[in-house]
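Shown next, in structure tokens, is the structure this report addresses.
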2 protein chains.
Amino acid sequence: MAVGPASKERPTAMADSGTTGTARDAPKRDAGRDRPPTIRDVAELAGVATSTVSRALARPDRVNPRTRIRIEEAAAELNYVPSSQARGLSSGRTNAVAVLVPDITNPFYFDIIRGTQHQLKAAGVTQLLVDTEESSEMELDALHKMRKSADGFILAASRLTDAQLAEVSRTQPLVTFNRASTSAPTVMIDTPSAIIQALEHLASLGHHKVCYVAGPPTSWSNQMRWKVFEDDATRRGMEVHRIGPYTPKTTSGAAAADAAVRTGATACIVFNDLLAIGMLQRLQARGIRVPADISIIGSDDIFGADFCNPPLTTISSPIEQAGRVAVSMLLAQLNPLSGSASRQLAVMPTHLTIRDSTGPAPH
Amino acid sequence: MAVGPASKERPTAMADSGTTGTARDAPKRDAGRDRPPTIRDVAELAGVATSTVSRALARPDRVNPRTRIRIEEAAAELNYVPSSQARGLSSGRTNAVAVLVPDITNPFYFDIIRGTQHQLKAAGVTQLLVDTEESSEMELDALHKMRKSADGFILAASRLTDAQLAEVSRTQPLVTFNRASTSAPTVMIDTPSAIIQALEHLASLGHHKVCYVAGPPTSWSNQMRWKVFEDDATRRGMEVHRIGPYTPKTTSGAAAADAAVRTGATACIVFNDLLAIGMLQRLQARGIRVPADISIIGSDDIFGADFCNPPLTTISSPIEQAGRVAVSMLLAQLNPLSGSASRQLAVMPTHLTIRDSTGPAPH
DNA sequence: CAACTTTTGGCAACCGCTTGCCACATGCTT
DNA sequence: AAGCATGTGGCAAGCGGTTGCCAAAAGTTG
């Protein structure tokens, strides 16, 4: 019970009434400095009604400056913090936003989370973090269960279908990240451009046989990457291979590396850095040199991409900023300002960070 | 406003004409399948009072099995999800736990968060993640502001003083991680033993001049590590150096590396892996070979320690599990079972993971 | 069959805060 | 001085649940 109030027990015998002070007549619930002060305590201390306190705190110009001062002092003295629960109940807003990620384990999402956390904190909104474990069911479930406890949602790399997404966004404010959607605002990273940059880079190094190492089939960005990869590589007259899908974890890297080598490709563009780093490890273990024998390009530029061995050439994007942008878009949606409609799409720029895992094609 | 209810639209008077008995006539609020169903909707559908619904859901054996079934069916049909807000307001519990970490940026805490997240989810509790930015003020502030919105707290590597910690833990259930405390349950990793293992390892490699690379002075584990390091290294008759403090980020690694080299030590034990990896990068840039010229031992075995260059010898501990244990201890504190008092201290075992950043002393 | 114990369900009072509406002051106009 | 717009503050009805208490219903017992 540690937390719950001790039910009924109006303080008959008050512990340290001593000091008295302002609220003279019968300070019933106050007195014993035990349970956190409520708006009523503040009201009593300031000698006003609770409604006035509420207003003084929410819309300061709705009350007389003098009263407001008194109330503010009272609140400060009592160290009053309004209960977000109660506030939410009556106002209908929770002042919380849920961030759904497919896998907290993945460093990529940590960047996102960092971004959302920052921006949300700045806005005074609580972040509810949820790991959906790459499952659309869990995602839907969370969306449903939390509809009353969050004002809005940020879906990172959502696994929902277009229909599901549309359905959900009809009833709950949300913004998707790295998952195109016509029904909800979206922030995504400029995948096509990134893949083209990467292929350009490989082409200039003389590679002709390239391989795409695929991630989760339900991932929209995976599909996008492959599509652009195939188009552009074909256009360049390259020999195109594709392997996968693989779970985007370093541990899947071994299988991916072996498969990649078997295709005979001299360069791989990999779904993400986790997988790419895993491949690097495996290749090194097998004595296959990177980039002398095979070039590897990752994606996301996660923590570690700069100090792995060899440092990974990868597609970088301001992920943390993407998180911040997502929050801004969501908040804009929640508090429609007088101005125009809020932005429906934000595309984060990408660039290829060239490190040491890419080099001239062998021969 | 996407979220807030549409305010006023109470069907004029008639609110509580009550006389009618079972509310078959005029299903006022229901009808339009718009806003999420409340307990009242369920009650109406099942033909009982809201209190009965509440009980049926909370303590199933308090109501007649048949009624319960009816209620459950109604709830299912309406797709009812109780509002955690309202529930919290009246019951005094929020069903949420706040996890405070000094820096979400730090991969070390990712592991913790992952652990807490898992365990909390399993218990059906919401996780509130807070970044305190290494500041004790922010920590206190969060603790205060959230006292009404969380049932308990998990403080990772708290920066609070003993007194503050004691004070806070008087009023709020909490468990600390990696921060010893007599006032609150604690889970920590077995630092002393780890440092000793590390020194043993270095000694066996012939090192005599060792250096401790310090982290944040307010970090309890930093203090512990240094203390044990100094004691044990001295006992072994080694020449002991100490540099720092450094911010525990890879970017501080450069300065740390340079300073370490200047001490003439042949081996360093570093506050954490982040710093150690940063040092590795700098040393490599300066052409100082690891481990040929200098050995480096990190701590925490974070993501990346295994694939940096060279792979880092480091102190490993089941961090994620530590997060889970912390949650268990907190939950035990919140719901005191009939049984004995809950555990007040959990020490996670450590072991030295030897990779390639340590080797024989030069000469 | 009466007396008594259990079950079972409803009533109503909150939990802490917000907000529509109303009333009373005040200050300006005319 | 009367009329009116405006500024302030209180009242009270919720928001969606939980829970103590009570009464009716059902089950036991002698």
Side-chain angles (χ1 to χ4, degrees), chain A residues 3-10 29 35-44 46-68 70-71 75 78 80-95 147-149, chain B residues 3-16 18 21-23 29 35-44 46-68 70-71 75 78 80-95 147-149:
Chain A
V3 164
S7 311
K8 68 312 185 52
E9 55 146 326
R10 281 309 108 194
R29 52 204 286 69
R35 113 172 59 289
T38 74
I39 199 174
R40 231 146 67 195
D41 299 322
V42 179
E44 266 170 32
V48 297
T50 61
S51 47
T52 307
V53 175
S54 178
R55 288 197 195 97
L57 269 33
R59 271 186 311 297
D61 33 314
R62 178 62 174 67
V63 306
N64 187 299
R66 281 221 284 287
T67 334
R68 172 157 54 80
R70 275 222 316 290
I71 294 179
L78 258 36
Y80 171 69
V81 178
S83 149
S84 50
Q85 302 238 58
R87 201 205 286 277
L89 226 208
S90 50
S91 71
R93 320 201 43 156
T94 63
N95 226 25
R147 75 189 155 175
K148 297 237 196 80
S149 22
Chain B
V3 164
S7 312
K8 68 309 185 52
E9 56 147 326
R10 212 119 297 288
T12 28
M14 83 168 288
D16 49 348
T22 358
R29 52 201 289 69
R35 119 174 51 290
T38 74
I39 198 173
R40 232 146 65 196
D41 299 323
V42 179
E44 266 171 30
V48 298
T50 62
S51 47
T52 307
V53 175
S54 178
R55 289 195 194 98
L57 267 33
R59 270 185 310 297
D61 33 315
R62 177 65 175 65
V63 306
N64 186 300
R66 280 220 286 285
T67 331
R68 171 158 54 80
R70 273 223 317 290
I71 294 179
L78 258 37
Y80 170 70
V81 178
S83 149
S84 50
Q85 302 239 56
R87 202 206 288 277
L89 224 208
S90 48
S91 71
R93 319 203 44 158
T94 63
N95 226 26
R147 75 188 155 176
K148 300 237 196 79
S149 22

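Remember, predicted model here, so these are calculated numbers, not experimental data. Just so it is clear: chains get the letters A, B, ... in the order the sequence lines come, proteins before strands, and each one is counted from 1.
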Output yes when a side-chain donor or acceptor of B/Lys148 lies under 3.5 Å from a complementary backbone atom of A/Val81, and no otherwise.
yes

Which part of the nucleic acid does [X] contact within heavy-atom distance under 4.0 Å: base, sugar-phosphate only, or nothing?
X       : result
B/Ala49 : sugar-phosphate
B/Ser51 : base
B/Val53 : nothing

With respect to the side chain of [X], which nucleotide from [options] is positioned closest?
X       : options                : result
B/Ser90 : D/dG17, C/dC17, C/dG9  : D/dG17
B/Arg87 : D/dT18, C/dC17, D/dG9  : D/dT18
B/Arg62 : C/dC17, C/dC15, D/dC21 : D/dC21
A/Ala86 : D/dG10, C/dC17, C/dG9  : C/dC17

Length of the [atom1]-[atom2] vector between [X] and [N], whole Å:
X       : N      : atom1 : atom2 : value
A/Asn64 : D/dG10 : CG    : P     : 11 Å
A/Ile39 : C/dT18 : CD1   : C1'   : 8 Å
A/Ile71 : C/dC17 : CD1   : P     : 13 Å
B/Leu78 : D/dG17 : CG    : P     : 11 Å
A/Gln85 : D/dG17 : CD    : C1'   : 11 Å
A/Leu89 : D/dT18 : CG    : C1'   : 12 Å
A/Asp41 : C/dC15 : CG    : P     : 11 Å
B/Arg59 : C/dG9  : CZ    : P     : 14 Å

For C/dG10, does the base pair up with any side-chain atom of B/Arg55 as donor and acceptor (N or O, under 3.5 Å, distance only)?
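For B/Arg55, whose side chain was compared with the base of C/dG10, there is a donor-acceptor pair (under 3.5 Å).
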
Where A/Arg55 and A/Arg62 come nearest, the two heavy atoms and their spacing
CD-CG, 3.4 Å

Give a yes/no on whether any side-chain N or O of [X] is located under 4.0 angstrom from OP1 or OP2 of [N].
X        : N      : value
A/Ser54  : C/dT18 : yes
B/Thr52  : C/dG10 : yes
A/Thr67  : D/dG9  : yes
B/Lys148 : C/dC15 : no

Roughly how far, to the nearest 0.5 Å, is the CZ atom of A/Arg59 from the OG atom of A/Ser54?
7.5 Å

Value rounded to 0.5 Å, distance of OG in B/Ser90 from CD in B/Gln85
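So the OG of B/Ser90 and the CD of B/Gln85 are separated by 11.5 Å.
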
Among A/Thr67, A/Val48, A/Thr38, A/Val63, the one residue meeting side-chain contact (heavy atoms from CB on, under 4.5 Å) with A/Val53
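Going through the options one by one, the only one that passes is A/Val48.
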
